[in-house]
S.K.: 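Below you will find the structure I want to go over with you.
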Amino acid sequence: MEVIAKKISKKSLFKLLFIGFTVGLTIFSLLCGIAAIFGAETVQWNGVYRTGVEGLLYSIFMGPVLGIVFSCVIWLFLVPGLWIYSFFQPLKVSFKNTLNEQPKVV
């Protein structure tokens, strides 16, 4: 299914960024936290490497916090960029496996 729209809402754009960054960075930070349990210096806070259980605890909080920060920063750049783009062309967004689609019976 393809949707052609003049503009995308700021709220929808932020929601997509927030979900994508937060889930992705949380998974990555948890993997770094698991590595920190085994002594790898993968979690750094205020210039100090955290290892062991402390590293895991820091990584649990770092993923969502970084997801929120990255979402906000990228959103601030995308909103004016997409606004300017909308003056020249409409946005085309393609979706796969939408809930509205009925399965094709053969």
Side-chain angles (χ1 to χ4, degrees):
M1 179 167 139
E2 185 172 275
V3 176
I4 300 173
K6 183 69 177 161
K7 296 180 181 182
I8 186 169
S9 76
K10 294 169 192 72
K11 183 179 175 182
S12 293
L13 180 62
F14 184 79
K15 185 177 178 181
L16 286 170
L17 290 170
F18 176 74
I19 292 169
F21 276 120
T22 303
V23 170
L25 287 171
T26 300
I27 291 170
F28 177 73
S29 69
L30 284 175
L31 291 173
C32 289
I34 292 169
I37 288 176
F38 298 105
E41 294 181 339
T42 56
V43 180
Q44 183 180 7
W45 189 267
N46 287 337
V48 178
Y49 286 104
R50 309 293 179 173
T51 57
V53 176
E54 183 183 25
L56 178 63
L57 292 175
Y58 273 89
S59 73
I60 290 171
F61 294 108
M62 286 176 68
V65 169
L66 288 174
I68 291 169
V69 170
F70 283 14
S71 299
C72 292
V73 171
I74 297 298
W75 182 82
L76 286 173
F77 286 100
L78 284 177
V79 167
L82 290 174
W83 177 68
I84 292 169
Y85 182 83
S86 71
F87 286 119
F88 302 105
Q89 277 188 325
L91 293 170
K92 294 180 184 177
V93 180
S94 298
F95 296 94
K96 295 181 180 179
N97 301 328
T98 60
L99 296 176
N100 300 13
E101 285 184 6
Q102 299 295 327
K104 295 179 182 178
V105 179
V106 181

S.K.: Please list all pairs passing the ring-ring contact (aromatic ring centres under 6.0 Å, His included) test where one or both residues lie in residues 32-53, with sequence neighbours left out.
M.R.: W45-Y58
S.K.: Does anything in residues 13-37 form a side-chain hydrogen bond (donor to acceptor under 3.5 Å, both in side chains)? List the pairs, not counting sequence neighbours.
M.R.: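 Matches after skipping sequence neighbours: none remain.
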S.K.: For G55 and A36, which heavy atoms make the closest approach, and how far apart are they?
M.R.: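 Nearest pair, atom of G55 first, then A36: CA-CB, 4.1 Å.
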S.K.: Suppose we screen for salt bridge (charged side-chain N to carboxylate O under 4.0 Å, His left out). Which residues come up paired with E41, at least two apart in sequence or across chains?
M.R.: none
S.K.: Return each pair, listed once, that meets salt bridge (Lys or Arg N to Asp or Glu O under 4.0 Å) where at least one residue sits in residues 47-58; pairs must be two or more places apart or across chains.
M.R.: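 Non-adjacent pairs meeting salt bridge (Lys or Arg N to Asp or Glu O under 4.0 Å): R50-E54.
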S.K.: So, using side chain to side chain contact (heavy atoms under 4.5 Å, CB included) as the criterion, who are the partners of S9 when residues are at least two apart?
M.R.: K11, S12
S.K.: List, one per line, each side-chain donor-acceptor pair under 3.5 Å for residues 61-78, sequence neighbours excluded.
M.R.:
| unit_1 | atom_1 | unit_2 | atom_2 | d |
| --- | --- | --- | --- | --- |
| S71 | OG | L17 | O | 3.2 |
| S71 | OG | F18 | N | 3.4 |
| S71 | OG | G67 | O | 2.7 |
| W75 | NE1 | K10 | O | 3.1 |

S.K.: Could you measure the distance from the CD1 atom of I60 to the CG atom of L30? Nearest 0.5 Å is fine.
M.R.: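 Atom-to-atom, I60:CD1 and L30:CG are 6.0 Å apart.
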S.K.: Which value, rounded to the nearest 0.5 Å, describes the distance between L56 atom CG and I37 atom CD1?
M.R.: 4.0 Å
S.K.: Taking only distance into account, with no hydrogens and no angle test, what donor-acceptor pairs under 3.5 Å do side-chain atoms of residues 80-89 form with protein atoms, sequence neighbours excluded?
M.R.:
| unit_1 | atom_1 | unit_2 | atom_2 | d |
| --- | --- | --- | --- | --- |
| Y85 | OH | Q89 | OE1 | 2.8 |
| S86 | OG | W83 | O | 2.6 |

S.K.: With sequence neighbours left out, what residues match V23 under side chain to side chain contact (heavy atoms under 4.5 Å, CB included)?
M.R.: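 I19, I27.
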S.K.: Return the CZ to CZ distance between F28 and F21, rounded to the nearest 0.5 Å.
M.R.: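 So the CZ of F28 and the CZ of F21 are separated by 13.5 Å.
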